[in-house]
Amino acid sequence: DDGVARHALAPMRSAYAEVGANGMAGEPVWTSAHRRFFGTCDYVFLSGSLVARRVLLPPDPRQLRRGARGSLLPSRGWPSDHVSLVVDLDFV
């Protein structure tokens with residue numbers, strides 16, 4: 001056992017890396033922002049005949065305002081500490 005999770009859907013591809021939106025060469029810079037963490041922890045993976053056509057990028061983090069406890073998210077404008085990942089997919 002090498003400690004690596006395996007499944008029958010391999011190989012998997014990243015939807016965001018596949019599209020390469022706005023010159024992005026991989027995953028979004030961030031998908032979660034709170035007091036203890038700012039970074040990417042959410043992903044959309046594809047396999048088989050699914051192809052990513054478009055993705056929605058997270059907002060610029062400068063749009064976020066710190067809440068009363070110093071946290072970026074959640075807030076009144078963003079009710080979760082994660083942002084939505086949106087991918088338009090096609091079957092080919």
Inset, instruction - Give, for atom OG of Ser75 and atom NE2 of His34, the distance between the pair rounded to the nearest 0.5 Å. - result: 13.5 Å
Inset, instruction - Kindly give the heavy-atom pair with the smallest separation between Leu50 and Glu18, and that separation in Å. - result: O-OE2, 4.4 Å
Legend entry - Non-hydrogen atoms of Val55 and Ala15 that approach each other most closely: CG1-O, 4.1 Å
Looking only at atom types and distance, does a side-chain atom of [X] sit under 3.5 Å from a main-chain N or O of [Y], one as donor and one as acceptor?
X	Y	result
Tyr16	Leu56	yes
Ser32	Cys41	no
Ser14	Phe45	no

Inset, instruction - Check whether Val51 and Leu46 end up in the same hydrophobic cluster, where Ile, Leu, Val, Met, Phe, Trp and Tyr are linked by side-chain heavy atoms less than 4.5 Å apart. - result: no
Legend entry - Hydrophobic cluster membership, Met12 vs Tyr43, 4.5 Å side-chain cutoff: yes
For residues 85-92, which side-chain donor-acceptor pairs fall under 3.5 Å, sequence neighbours excluded?
| unit_1 | atom_1 | unit_2 | atom_2 | d |
| --- | --- | --- | --- | --- |
| Asp88 | OD2 | Arg54 | NE | 2.7 |
| Asp88 | OD2 | Arg54 | NH2 | 2.6 |
| Asp90 | OD2 | Arg53 | NE | 2.7 |

Inset, instruction - Report yes if the side chains of Trp30 and Leu73 come closer than 4.5 Å at any heavy-atom pair, otherwise no. - result: yes
